[in-house]
Structures are given as C-alpha cells and as structure tokens.
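Below is one structure, written out as structure tokens, with a few remarks after it.
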Amino acid sequence: MTQRTALITGASRGLGLALARGLADRGWSLILDARGQDALNSAADELAACTTVRAVAGDVRDSEHRAALARAARELGGLDLVVNNAGILGPSPQPPLLQYPLDILADVYAANVIAPLGVLQAVRAEMNGRATVINISSDAAVVGYPGWGGYGSSKAALEQVSRVLAAEQPGWRVLWIDPGDMRTKMQQEAYPGEDITDRPLPEESVPGLIRLIEGDAPSGRYRAREVGAEPVAKPHGWLNLVLKTDDFDKTLAFYTEGLGYEVVERWDAIGHGAMLEIGRATLEIADRTQAADVDRIETGGPQENRVRLALSVPDIAADSERLIGKGAVPVNGIVKTPWGHTNRRMTGPDGIALTLFQPSPEEQ
C-alpha cells in the first residue's frame, strides 16, 4: 500500500489524539501539532511505536509555525490528509454576545477560522493528488445556542470557508465534520463545575471520521457518529419535506427548541433555509374518507388541511405544552387512538396542521 501521511492539529489530547491513534493503527504516517511541547512529545512517543511521527509544537496562529508544518510535510513526501482540529473556546463560562469582549472574540476567530485557512495555504504545495481536508466543526455552528455566540459563530464561519474551498478546489475533498458532544477539556471549560462524565469519549467519534477519511464521500458536512450507522431501509431515497414560512426564525425555533430537532445544514446567502434531522420518515397517503376518520378521532370533526405533519414525541403532555409555549395553537386535547397511540392535534407556524403522537410502549 502507498504510504499515506496526515497532518493533525491539536493532536496532543482529546479528539486530535484519539484520531491520531486510530490512523496510526491503520499505518498512516503522522505530523502532529499542538501548543504544549511536553504533551505533544508524549503523544508522539506513544505513536512512534507503530508508525512514523513528526511532532511540531507551536501555535497554528503563527505563520512561522505553519511554515514548519509545511517543511515536515515535504520531508515525509507530501500530505494525503489535513485535519484542522486545533481551536479555542474563548471565555469560560461563555458570555452572551452583547457582553463578549471583542478582543477575545477576535482571538477566537483567529484560532478557529483564520488559522485553519492559514494551515491550508501553507501546505497547499504539499498536498498529494485528491487529498482530503477535514475541518472540525460543531452543532453550535448551525444552532443558535444562548451563550455560544462566539465559538458557534466562529465554527459557522469555518463551515462557510469549507464550502467555498470545496467549490474552489475541486481536486480536494473538503469535509466539515461535527464530532458531537465529547468528554474533553474544552467541553469541561464550556460547562465549568458541571459533571460531564455522561458525554461520550472522543474515541467514539473516531470510527466515523476514519470511514469518511478512507471512503469516497464527497465534499460536504457530516456528523461523525452517524457515519456508518445502520440506515433505515429507503427503497428509493428519503423524504425531504419542505415547509415555506413567513417567519423563518420563529419556525426554526419551533422545531429545534420545541421538539429538539437538530439542524444539519443551513443556507443564508440569499434568503434563509435549514435542513433538520428528524429521524425516520414515512409518506402516508389517505383518501378523504380515511383522512376524515382520523380527523374525527383526533379533533372530533373534519379539518380543512391538505397536508398534515405527524411527529413522534416521547412525552405527549410535556412536548405539546412546550410547543404551545412556542406558539402552537391546540385544536383538541390529548386523545387515545384505536391504534394505540396517544395523540394531540395542533396548528403550528404559518397554519401548518400538526399531529403529535406518542407511540404505545410496545412500539417505543
């Protein structure tokens, strides 16, 4: 097999080190970057037992350090993979945007947006063939979490940089990847004093990353822990339901904050659009008689809607009340259906007909 070489920034701990271990086990040569010399040397000594390793300590915000990374890449015959994993959180705990010190925000953008691009500019001449670029992102890049405006907006900017790079460099694969919540030092800094032992270890995100690295997935956004998951059978693709709304922010909050759906892609270049991951989807077709019977069971009489969303929830009472708090208008109370579900009909944003349903315990 032809020797493959990867550059990983932020590789002395957390996800960077976990990925370095995974690639070393698969025979990749490694160039490791981190700011802490001792921790980086420790990681390099460990991995040198099974592969070729170059440890280059420094800060990716520094142009001379980026040049040193390029020299290391040249010495190893070029790069097949660049993983921009290094980054900073900013203040701990995270302040609201209107109280965010702007000089610190500039540092966050320098580390999380400008430095990854600077690394790629420095090593571009060392990229081999159809090299792969991975920019590590976050769900905070696509969801407006209160208190995450600095870090989240920097990752959103990094994702846009990734999209443009993918368009400008068709010879590369550019992947921007959300690894998911992880039990890392940065996560602990984000939640000082809280117990984060329920978060998965970074190693749980590595299998998906390696599948993307060694596979042929096209440039785009991915969530590491979903890659390679067993897919639901979809004989002719998947259902993508598009809702046209007059109040984008309100509708987005209704489904993300009200029902907990995750934004997996967002567009803001012309208008605003977002794609949400809601799990398994089916397309149900009913004639007027069948539809009228469901209306009778759920609301007591016929309803004048051509399209209705039926959304599964774990707690019909709590979830329906939360959506009412987000602006939903109840059509009827909670009802028990003949098919074993507990349902509630309501009207969502822009008059969308909704059925919330809690499946029977046997189905859950």
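For reference, positions follow the sequence shown, starting with 1. Computed from heavy atoms alone, side chains included, the values below leave out hydrogens, waters and symmetry copies.
- Closest heavy-atom contact between Thr52 and Arg54: CG2-NH1, 3.6 Å.
- For the residue pair Thr337 and Asn343, no side-chain donor N or O sits within less than 3.5 Å of a side-chain acceptor on the partner.
- For the pair Phe254 and Leu323, the tightest heavy-atom approach, listed with the atom from each and the gap, is O-CD2, 3.5 Å.
- Partner Arg308 forms a side-chain contact (heavy atoms from CB on, under 4.5 Å) with one of Val294, Leu354, Ile352 and no other, that one being Val294.
- For Asp80 (side chain) and Thr5 (main-chain N/O), a donor-acceptor pair under 3.5 Å exists by modelled atom type.
- Counting heavy atoms from C-beta on, the side chains of Thr355 and His341 never come closer than 4.5 Å.
- When side chains are defined from C-beta on, Ser219 does not count as touching Trp172, because their heavy atoms never get closer than 4.5 Å.
- Under a cut-off of 6.0 angstrom, the local environment of CZ in Arg13 is sparse, with at most 12 non-hydrogen atoms contributed by other residues, nucleotides or ligands.
- Looking at Asp247 and Pro349, their side chains never come closer than 4.5 Å, going by heavy atoms from C-beta outward.
- Using a 4.0 Å cut-off between charged side-chain N and carboxylate O, Glu159 and Arg163 make a salt bridge.
- Nearest heavy atom pair, residue Asn332 against residue Thr299, reads ND2-CA, 3.5 Å.
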List the steps and the verdict of side chain to side chain contact (heavy atoms under 4.5 Å, CB included) for Asn85 and Leu19. CA-CA 10 Å; Asn85 171 67; Leu19 178 58; over 6 Å; no

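- Residues Ile134 and Leu175 have side chains in contact (heavy-atom distance under 4.5 Å, counting atoms from C-beta outward).
- Within the 4.5 Å cutoff, side-chain heavy atoms of Asp33 are placed close to those of His65.
- Contacts of Asp295 classified as salt bridge (charged side-chain N to carboxylate O under 4.0 Å, His left out), with partners at least two apart in sequence or in another chain: Arg345.
- Considering Thr132, Val82, Leu81 in turn, Val82 is the only one that fulfils the side-chain contact (heavy atoms from CB on, under 4.5 Å) rule with Met127.
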